[in-house]
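What follows is one structure encoded as structure tokens, with my remarks underneath.
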Amino acid sequence: MKITDLLKENAIKLHGAYENKDELLRNAVKLMADSGNISDEEAYLKAVLAREEESTTGVGGGIAIPHGRSAGVKEAGLAAIVLDKAIDYQALDNNPVDIVFLIAAPEDKGNIHLEILSKLAMMLMDASFVTKLKNAKSPREFMEIIDKAEEDKNSEVKEEVVSDKLILAVTACPTGIAHTYMAAEALEKAAVKKGYRIKVETRGSGGAKNVLTNDEIREAEGIIVAADTKVPMERFNGKQVIECQVSKGISQPETLIDEIVNHRGSIYAANNVEEKETVSLSVGHQLYKHLMNGVSHMLPFVVGGGILIALAFLVDGLCFDINELDAAARGNFGTLTPLSNLLKGQIGGVAFGFMLPVLAGFIAMSIADRPGLAVGFVGGAIAANGTSGFLGALAAGFIAGYLVELIKKISDKLVPNSLDGIKPVLIYPLLGILSTALVMIFLIEPVVGGLNSALNSALSSLSGANVVLLGLLVAGMMAIDMGGPFNKAAYVFGVASIAAGNYNIMAAVMIGGMVPPCAIALATILFKDKFTESERKSGPTNFIMGLSFITEGAIPFAAADPLHVIPSCVAGSAIAGGLSMFFNCTLMAPHGGIFVFPVVGNPIFYIISLVAGTIAGAILLGLLKKKAA
């Protein structure tokens, strides 16, 4: 079977003109349907679009090879489009695309067509071949160019190697149709060019081909695993291995060959202590990656919403003398005028409210891809509306992500392939949301709620004891989880103290909540080398949040480096709270930060306490943190 046996003249469109990737793909599918290869156009289109969501099929050099396997495909086929004007395709090399080959694969077990299609994918690595296709005057000439190149490919004799070094590789992509074979071809060409022997195992939809033998593995200089799917690795125990995405095998084959030859890979360890250590490090790195995905998406909500809330407090501070407000008005400080209510109640507060759902949602998405997003959002919302707060949202993100991954694996075994289309829109969200919500409601929330009750009882018993110790305790608690159960317990205790006419506890509580963002902001200025460029840019905005009593401004930094940031902030807050109690500072308002300082008793000493705690926290953070990579 030849490539042109799968490509018909009426499935070739020259001089195509489309505005965007979506329009291009839909027209390519229509072209495939018109050629008679498709029985269910919509089902096949969904398969093609679903493949694009996994990763781009724009392989670079102006080429895209979209593909899909579907029950809506009657027989394997090809469609081709040459564009007059290249369009953005989010390709691997970020260059626009002007030639597209669409592949249709049926769901049956036959795989003869896969070998033919893989040959096409490898031929497209030849720039002169692609140029000839783009310059074809007619569909017939287009097919003749392919036939001629295929004949040349079949008779091609590789250059003689000049080294006895053997390099092995394994390539695999999620669908195993195009990228798998393109990476193999690129690695083979790079090795031959450099004079090395090479063998590449391809793990495509038709199964593993050219499988590496034990003798070859023993002899090999090293193994390149360019794969986006799971590859059997135990056989490489004790050998030098480089693992990377399949896209790097396509775009940087020579770099990978050089790294193996120069022994820059890692020694793979299986079934021993070394393997356990390697796996542990890998798991830690993965958890950090998931966490940072949540933090990076959460940050804009924290900064944008937090600053708008701060502006609302400023407006009310300019319009009202808080000493003349009754208790109810003080409780609503920040929403007393139409402008402040707009800034805080209708905009800033709404944006801020997304913080925990977004954190949990994007942690879950990092773990389970798009199916995890909605599930994580729901878990984060339960934490935000309940008692678990920030720590609950962190737990919700990881719980949702791994539960969805479990649901995916179970579905793959129990749900027929013909129902693949309903998995991401029905099975994953339904079972994921239900299971995550049940865990949050019946496990996470009760545990944290019980913790809050215990903390409140403990605080009440200390209220008549050493006031400085109490100040250290409640202020330090404000910085432990920054909006979570410890923070809420201390804040509620402070508010209750105001109702009882005890105003010094609320002063310590608020100053404890102001210190973490302020300390982090100061540290980003004093210790620039300890923070990334993005952290240095966002750091100063924490002064605004800290002075506005928005402790959550410190959460992105705490989430990124909890072992160093949280202890530093707790220490700084505790120092500020203890000093506030020692100077007998008082506060009659339950919120507001610097904008309610007019009602602070002993305001000069309160400012001194705030500055002392901020400096202490910043210096400790600068000493504890490692230099940013």
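Residue numbers run from 1 in the order of the sequence given. We use all heavy atoms of the structure for the numbers below, so side chains are in, but hydrogens, waters and symmetry mates are not.
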### Query
So, do C569 and V515 sit near enough that their side-chain heavy atoms are less than 4.5 Å apart?
no

#### Entry: Lys/Arg-Asp/Glu bridge criterion (N-O < 4.0 Å) met for K423, D412
yes

### Message
If you define the side chain from C-beta out and look only at heavy atoms, does anything of N584 sit under 4.5 Å from N602?
### Response
yes

### Query
Is the number of heavy atoms from other residues, nucleotides or ligands within 6.0 Å of OH (Y402) greater than 12?
yes

### Query
Taking C-beta and beyond as the side chain, do F531 and L621 meet within less than 4.5 Å on heavy atoms?
yes

### Message
If we count only N and O atoms by modelled type, under 3.5 Å, do the side chains of S340 and D316 hold a donor and an acceptor together?
### Response
yes

### Lys/Arg N to Asp/Glu carboxylate O, K530 vs E535, below 4.0 Å
no

### Query
Any side-chain heavy atom of C518 within less than 4.5 Å of one from N542?
no

### Message
Is there a side-chain contact between P429 and P371 in this structure, where contact means two heavy atoms from C-beta onward sitting under 4.5 Å apart?
### Response
no

### Query
If you round to the nearest 0.5 Å, how far is CD1 of I511 from CE of M581?
11.0 Å

#### Entry: Neighbour count >12 (heavy atoms, 6.0 Å) for atom CD, Q245
no

### Nearest atoms (heavy-atom pairs only) where T436 meets A396
CG2-O, 4.4 Å

### Message
As an exercise, state the distance from CD1 of I427 to CD1 of I407, rounded to the nearest 0.5 Å.
### Response
10.0 Å

### Message
Using a 6.0 Å distance limit plus a 45 degree cone around the ring axis, check whether K21 lies over the aromatic ring of Y89.
### Response
yes

### Task
Might you confirm whether atom CZ of F582 has over 12 heavy atoms from other residues, nucleotides or ligands at distances under 6.0 Å?
no

### Task
Taking the side chain as every heavy atom from C-beta outward, state whether F377 and P357 have any pair of such atoms under 4.5 Å apart.
yes

### Message
Checking F583 against Y606 for the ring pair (Phe, Tyr, Trp, His ring centres under 6.0 Å) test, could you report, in this order, the C-alpha distance in whole Å, the side-chain angles of both residues, the deciding distance, and whether it holds?
### Response
CA-CA 8 Å; F583 292 130; Y606 197 60; over 10 Å; no

### Query
Can you check whether I619 reaches L623 side chain to side chain, under 4.5 Å on heavy atoms?
yes

### Query
Do K625 and D561 meet the salt-bridge criterion of a basic N to acidic O distance under 4.0 Å?
yes

